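What follows is a short report on a single structure.
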Amino acid sequence: MRRVTPEATAAEAESQQPANHHAAPVHTVLGLAGSAGNQAVARLFVAREVDDPDHPPVPAAAPDREVTLDWVPEVDEHDPAVVIAAQGATREQLAQRLYGDPNRYGGFDMVDGRRARLRNLDGVIPEVATAVRTAFDRRLPTDANKVVGILKERLIGDDDEWQLLNTTEWWASRGDLTNSASRSYFDAYLDELDTHRLEEWGLFSNTVKPASEWLVVEAEEKKWAILPLIARRTSRTGTGYSRVTGPITAAARPDNEMHGTVGTYTYFAGENRTLISSETHSQGPITIGELLVTETAANRAEIALRNTQHGRARVMIPGGDGKFYGYTIAYPDFWNEGYVQPKDSDKPRLERFWWHYPGTVFIPGGGFQPEVAQGGAPEQAQRAEILASALAGGLEALRSLDFDVLSALNLDQRVTVIGLTVAGQPTGADYSLIARVLYTTPDAEFPVLEHRLSTNGTMEKLFNRMDPGLAMIGRVFTVKSVAAGQVPGEGLQDVPDIKVGFDEEGYYHFAFATPAKANSQLLPAGQAPAGGTVAIGQERAGPGETPGAINRSVWNLQPEVFRLGGYTGNFYRGITGTMVVDDGPKLGPYLPSQLVKVTSAGPAPETHVVSVLEAIGLLQLPSAEILHQMITTTIRGGMWMLAGMSLAKAFGPALAEGLTGGTGVAAGVAEAAATQAGRAAIVNAALLGGMEIVDSHRAELQATAEGRAFLQVYDATMMIWIAHDVGRLIMSGLLPRLATAADAIVNLPGAFREGVLSVRGEVEALLRTIRKYATPAEAAAAATAEGATVAAATADTRQSFSALYRISRGEVAAERLTARIAGTAAEAPGKRVLDRLSGLVDRSEAEATAATGNSAEATEARAAASRRAQSAADAQFALSSRAAALRPEAREAFLRAVDTIVGTRPNALASMTDLLIAAAESRTPNTFLTEVQTLVNRRGVSAEALLVLGRKAREGATTLDLAWLNRTSIDDETLDFLGRDRRTQWDLFRRTAADQDAGDLMRRFRTSARGVGAEIVAEDVAAGLGSNVRRQVKMGSSEIDYEITVEGRRHGFEIKGWTRETWEEALEAAIKRLNRKGLTEEQRQAVRKIDSMIGQLQDAQAATRRRAYLGFTDALPAPQRERLRRVLADNGLSSTEFVPLAEAEIKDAAATLGQQLGIPRP
Amino acid sequence: MTTVDSSISWAVLAPLPAPELRELAEREWRREFPHATDPPPWDTVAGWREYNALVSRSPGTEGGDRHFAEILSTRTDKTVYSLWLDPERQAIFAWDGGRAASQEGDPLPLAASLGFAVDEPEPTAKDSVAVVEGASVDDVRAVLPDESWINLAAGPSGVVITAADGPLGTQAWDVAEALPDATVYFVHQMPGQFTVLLLRGTEELGRFHFPRLDDDTAQLDDVKGATTPATIRAALGIQRP
C-alpha cells in the first residue's frame, strides 16, 4: 500500500473533491418530510465524508437516514443569535445539540430549514453558548465604534440617525442573550458605548457625556424608539418610559407612551426611482389588542396562544409578575392572515419591526408549525386540555389548532372534525384544518379514516365543490394513503392518464369529478383481494374495522377541454354550447385512493402519479378569477402552483416542498423509513443512494420522453418498495417495467446515470431472486412470509427470500464492478477476489442443497452452509459496492489489499468474509484492511478464531478493536483460544489495559480472566478425560464449554472458574433456598449463577443422555462439594461428574493473559 | 412484549421513547460503518412504563453499552441504567448526566421495577420424598429442625419424610448423616426424570435413574427389586412423588 504523509493526504483529499464539494463532512438533503404530533419526524439525507485517509473516495452517495449529531451548531457571524444546523438536521436534532434534549420546548425559533434564532442562552450547552458569546463579543466593540464614529461627526443627518437606531435596536433585540458575566448584551452594548466619553464644544463651556447619552440626543426623533427599549430591556432607568408589570391594558399610561404599545415597526411609502425619489421612511408603535391568555409558565402561554385566534398576529409577553400574557396585535395588521401588501405606493409598507419587552414571543397570523417540540408531560397534558376545549368550542376553535394539538385526536374525533368543516361552506381555513387533520393521522389509522369519511357522505360533500384547497388536501391524501397500505393502480397497469392545464393552442384541459355510490366489501385481515389488488368490492379492513359490506363513495372523472379564446370565439361557443366539450370517455368509477396519471399540457409536459382525490383537486376547472391569475402568472403552473401555495401556507415552505417533491416519493420514503415495513422492504444503501441521485435530476429526466417514462414507473415502484413490502412490489409487475425503462435511459448523457444504475442493480437483484421461485406469486409469498419453497429444490433445502436476494445482490454488484474495472490495473486482483467469493457462494449453496434430511445434523449443516453462502455474497456486495465508489487508484489499492488477504489464507476465505465486510463498510477501508492483514498473517490463529473475531469486528470497535488487538503482546495460542470464544469480553480487556484504575474495571477483568484461565486449564484436562474435544458446543438451549468423547460416548463438560468464595456464597444461597429459607437480595443474585449452571448441566445431560462433567477449582473444600452435590441432586443431576481443576494453574493462566494484554499480575 | 432475560448481553434502559433509542442505534451504527447495508446489531425493547431499552444479544459485547448509556443519560434528568445480564457477569451501572456509577444488586428485578417483562424461569415442577429405613419417627424428628412444612409419618418401609407441598430440601442427606446406621431412600421426580438415591451416613451407595443414563457407573439395577417408578413407590410404601 502506498504511504502518504498526513499533510499530503489532507491536500489530496481536498484536491480530489469536486469543486462544489467540501472536504467534509457535508450533508446533502435527499428529501424531506416532517410531521407533527405522534408521527415521527423523519428525513432522508445523504452524508458524504472524506473516507480512507490514504485514498479518499469519490464522494459516494452513501445514504444516511439520520443526520448524525457529531456536529456543533455553527454560529452565524452576521447574527450570532442565529445558529446553523447541519444540513438536513431536524428540529429535534438541533434541540439535542443545543440543549441535550430533543423535545425541549421553546428556547429557539426556526428561521428556515437550517437556521434557528436563539431566544436566550438558558440551558444552551456551554460549547455553543461560548461560541455565540465569542461572536457577540467580537462584534460589540466594532458596532460601538461605528456608533461613536457617527456621534463624533460634525453633522448627523437622517441616514445617520437611522443608523444609530438600527444598530441600537439590533442589540436591544438580542438583549435576552447574556454575556459571560450574565449581563444582557443590550446592557453590554450601552456599557461599551459609555467607555467613550464625547465632548461637544460649546460657546461658553464644553459638554462631556458618555456616548449612550449622546446617542439619545443625536438620534433626534428616533430617540422615541430608543428610549422605550432602554427602559424595558436594560437595567437603566430615567428614560421617561417604564415597563408595565402584569397585563398590558388600554388604560392611560403614566409615561410618554401610547397605551398598549409593545413594539415598534418601521415602514416606507412612496417610490425610490432615480431622480424622482419620493420614498419616505418612518416608524410607529405596535399595539396589542385582546388579552387571550394568562398563564403561569412561558411554555404554557405559548402553546395556548399558538392554538387560538390563528388568523391574527399574536404576542406572548412575560408580565414580570410571574405570569405570562398572550395578546392579539391590534395595530398594524401586516402580520394577519390574508394581509396583502398594498399596490398603492403611497400606502405604508412594512420594513422592520421589534419588540420592547424581553422574552416576547411573536406568532404571525395564519402560520402553523408542523415541526414542533414535543415538550414533556406538562406540555402534552396542556395540549389534551386545549383539544378538549376546542372540541367543545366548535369549528372556530378547531380552525386555530396547530399540528401538535391535532395529533392528539382519536379516530372518532377526526371524523367529527372533518364532518364539521363540510357541514357548511368550507373556507380556506377549513381546508387547511382538514389537511392538518389528515396529515396528523397515524398511518395505520388512515385507511379506516378514509372508509369512515367515504361511507358517511363527508368525502362526497368535501370534494363535490371547487376550491384550490382541495388540491392541497388531495396531496396530503395521496401521500398518506400510499404510506398506509396498498392502493389501486400502484402497478401502473391500466392507469388512466388525464391532461390538465393549457395546451399549445391555449385551451384549458381539466376534468369534472362526479361522485357515486358503490357497494364494496371490507376483507378480513389476512385475506388477499382477488388478483392481489385492492379495488372496489375488495378493500382491506383496517384495524378495528368489521369486515363485510359497505356502501361507499366512489368517483368518476370526465375529461374536458375548455375552449377559452377571444371574445368573439367565446361568444360563439357560448351560444352554440361548445365552450366546454368532452375530451374523451368518462373514466371510473374509482376508489379515492386509486392512482392516476396527471400530465400537464403544454410544450414541456410533466407527468405525476396521484390519487384520484388529488386529481380531483388538480383537474377541476378553476374559477374565472383563478383562471385569470393562472394565465397571467404561468401557463404551466395551473393548479399545481396553487396547490403548492396552499400547502406552503398550511404546512410551511419546508414541508410543502417535501409533500410536493417528485410525486410524493420522498415524503413517503421519509415516513416509511422509520417503520418496520420500511426495513422489511430490503431497503439498502445502494438503493437509497440511487434514489438520491435520481431525485436530484428529475428536471433533467423530465426533459425527455424516455426520462418521463422512467420516472412514472420509478415513482410508483419506489413508493411501494420503500413504503411497503416486497411481496406487494413483486405482484405489482412494476419491476420488469422499471428495468426496461432504466435500460432505455441508462446510456443517455446525464448526471442521473449513476443513480439509475444503482436502482437498476437493485431491481436486477430482485428480478433474479424472483426467478428462483416457480412463480412470482410464490416469490411474493416467500418475501412476505419468508416461507415458500424455492423452485427446483426440495422443501428441505429452501432458503429465505432475503437470503436469496442477498446472494443475487452480491452477484449483480460483482458483475457491475467487473465491468467497471475491465482493462484497468484493478482488473486482475478484483477478478481474483470476486471469483473466489463467487466460488465460495456456489460451493456453499451446493453444500446446503446436499445436506438433505430432517435430522438435527442435516439441519445444522444446511444452516451453516446457507450462512456461508450469504456471508460470501454479502462480502461480494460490500466489497464491490465500496470498490465501485472509490477513485480508480484507491480502488486498485483496495482490491489489491483484499486480494493479498485472501491469498494469505486461501483455505480460510469463509472465515474471513466478515472481516472483509467490516473493512468495506468502515470509514477507512484500507486502514481496516491493514489490520485484517496483520491478523490473518498470524498462522497460529485458526480459521475458527478468524470467523468469530470477524463477527465481532463487524459489530464495531466497542466490541472488538482490531487495531488494539494487533498491538497487544498476546501470543497466537492465547489469541486463538480467546478468539474462538464468542463470549470473550474484548472491550473489557481493552479498557482495563488502557486504564487499570478506572472504577471496578480491574475487578471485572480479574473475574473474566479467571474464567478464561479455568477454561484454558480445562482444555488440557478435557483432552486427558476423553478424545474429540470440541469447544463451545450447543446442547439444548445452552452452549457448553467443551464436548468430550469418553469411551465412545459424548459428554458435556462445563467449566466454572469461580473462586472458592464465589462458590461458597452461591451454594449457601442455593441450600437456603432449597430449605425454604428467605434470601437476601445479594443471595438471590448469587443463586442465579447456580441456576444458570444447572440449566447448562441439564441441557448437557439431556442432549447426550449421559452424565455431565463439571469442572471447578480444586480449592473448593469437600463440604462445599457435598452441598453442591445436594443442589445438583435436587435438579436431577446427581450423576454429574466433578472435575477438579488446579487452582494454581487457573491463577497462573489468568495472570499470564493479563500480562499479554499489558495488565500486571495481581 | 419482548422480555428482558439472560439471552441479552447488555441492556441500556432509558426513560426515552423507543424510536429515539432506535434512531440513536442507527446513527451510531452509521457512524461506525457508514457503508453498512445491514441494520444495527442492537434491538429496542419497549417497556410498559416510562423506560425503554436498547439491547445487544451478542455474547461478549459487554462494554458496548457504555457509549449509548452515556449519550442517553445526557438527554434526560432521570437515571439511565446499563445492565449486564449474563448470569456470570451481572452488573448494574447507573448513568446520570454522562457519568456512570456501579450499583450493587440484581439487574433483572431492577428491569422489572422499571416496567420490563422479565423472564423469570418457571420453577420446575419437582417433588421428592425420603424414606428412612432403620430408624423411628422420633429418631428422625430428633435430628431434623422443627419445620412446619416437614411431615414425618411411619410407613411400611420406614419413616416417610414429606414436605407439605413440593419437594424436600436437604433433609434426606441431613438424616443420613445424623443417623449413620439408617438407610435413606431419597426419591425425586421432575419432568422426564425419576431418581432414587440410596444414602447411608455421608456416602451415596448408589442411584436409580429412570430413564437410565448410558454410562452411570453408580446406577442401581433396581430398588427393592422394583424397576419402575410405580413399583418403586409401592415397594417403599409411598404415594408420591
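Each chain gets a letter, A, B and so on, in the order its sequence line appears, and its residues count up from 1. Every value quoted in this text rests on a predicted model; they were computed, and no experiment measured them. The figures here come from the full heavy-atom set of this structure, side chains too, leaving out hydrogens, waters and symmetry mates.
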Sort [X] into side chain, backbone, both or neither according to what part of it lies under 4.5 angstrom from a heavy atom of chain B.
{"X": "A:Gln1098", "answer": "side chain"}
{"X": "A:Ala920", "answer": "backbone"}
{"X": "A:Ala1129", "answer": "both"}
{"X": "A:Arg1049", "answer": "side chain"}
{"X": "A:Ile1071", "answer": "side chain"}
{"X": "A:Ser1135", "answer": "both"}
{"X": "A:Asp981", "answer": "neither"}
{"X": "A:Arg806", "answer": "side chain"}

Among [options], residue most engaged with chain B (heavy-atom pairs, under 4.5 Å):
{"options": "A:Arg990, A:Arg951, A:Arg1073, A:His1051", "value": "A:His1051"}
{"options": "A:Arg1105, A:Lys1089, A:Glu1137", "value": "A:Arg1105"}
{"options": "A:Gly1132, A:Gly1011, A:Ser1092", "value": "A:Gly1132"}
{"options": "A:Ala878, A:Ser1008, A:Ala918", "value": "A:Ala918"}
{"options": "A:Thr959, A:Asp1091, A:Asn1075", "value": "A:Asn1075"}
{"options": "A:Glu1039, A:Arg104, A:Glu1081, A:Arg1084", "value": "A:Glu1081"}

Cut-off 3.5 Å, no hydrogens considered: what does the side-chain donor-acceptor table look like for residues 185-194 of chain B, sequence neighbours left out?
residue	atom	partner	partner atom	Å
B:His188	NE2	A:Asp1130	O	2.8
B:Gln189	OE1	B:Arg233	NH2	2.9

Mind ranking [options] by heavy-atom pairs under 4.5 Å with chain A and telling me who comes out on top?
{"options": "B:Pro17, B:Ser9, B:Pro87", "result": "B:Pro87"}
{"options": "B:Asp165, B:Thr202, B:Thr74", "result": "B:Asp165"}
{"options": "B:Gln171, B:Arg89, B:Glu62, B:His67", "result": "B:Arg89"}
{"options": "B:Arg207, B:Gln219, B:Glu28, B:Glu104", "result": "B:Arg207"}

Under 3.5 Å donor-acceptor, A:Gln1085 side chain and B:Gly105 backbone =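 Looks like yes, one N/O pair under 3.5 Å.
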Output yes when A:Lys1077 and B:Glu147 qualify as a salt bridge under the 4.0 Å nitrogen-oxygen rule, no when they do not.
->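 Answer for the salt bridge query: yes.
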With a 4.5 angstrom heavy-atom cut-off, which part of [X] approaches chain A: side chain, backbone, both or neither?
{"X": "B:Glu50", "answer": "neither"}
{"X": "B:Arg212", "answer": "backbone"}
{"X": "B:Trp10", "answer": "neither"}
{"X": "B:Ala100", "answer": "neither"}
{"X": "B:Ile150", "answer": "neither"}
{"X": "B:Phe93", "answer": "side chain"}
{"X": "B:Pro167", "answer": "both"}
{"X": "B:Asp86", "answer": "side chain"}
{"X": "B:Ser102", "answer": "side chain"}

Can you find a pair of side-chain heavy atoms, one from B:Lys126 and one from A:Asn1131, that are under 4.5 Å apart?
->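 B:Lys126 reaches A:Asn1131 side chain to side chain.
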Are side-chain N/O atoms of B:Thr61 and A:Asp987 paired as donor and acceptor at under 3.5 Å?
->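 No, no side-chain donor-acceptor pair sits under 3.5 Å.
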Donor + acceptor pair across side chains of B:Ser58, A:Glu955 (<3.5 Å) |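 On atom types as modelled, these side chains qualify, holding a pair under 3.5 Å.
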Please determine which of A:Arg1088, A:Lys1056, A:Arg1010, A:Arg983 meets the salt bridge (charged side-chain N to carboxylate O under 4.0 Å, His left out) test together with B:Glu88.
->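 In the set A:Arg1088, A:Lys1056, A:Arg1010, A:Arg983, the residue that makes a salt bridge (charged side-chain N to carboxylate O under 4.0 Å, His left out) with B:Glu88 is A:Lys1056.
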Taking all heavy atoms of [X] and all of [Y], pick out the closest pair and write down the distance.
{"X": "A:Arg1107", "Y": "B:Leu213", "value": "N-CD1, 4.2 Å"}
{"X": "A:Arg1076", "Y": "B:Ala163", "value": "NH2-CB, 3.8 Å"}
{"X": "B:Pro34", "Y": "A:Ser922", "value": "CD-C, 3.9 Å"}

Within 45 degrees of the axis of the six-membered ring of B:Trp84 and under 6.0 Å from its centre: does A:Arg1004 put its NZ or CZ there?
-> yes
What's the spacing between [X] [atom1] and [Y] [atom2] if we round to 0.5 Å?
{"X": "B:Asp77", "Y": "A:Asp101", "atom1": "CG", "atom2": "CG", "result": "8.0 Å"}
{"X": "B:Asp106", "Y": "A:Gln1083", "atom1": "CG", "atom2": "CD", "result": "12.5 Å"}
{"X": "B:Phe33", "Y": "A:Ile917", "atom1": "CZ", "atom2": "CD1", "result": "10.5 Å"}
{"X": "B:Glu204", "Y": "A:Arg1126", "atom1": "CD", "atom2": "CZ", "result": "11.0 Å"}

A:Arg982 atom CZ, over 12 foreign heavy atoms within 6.0 Å = no
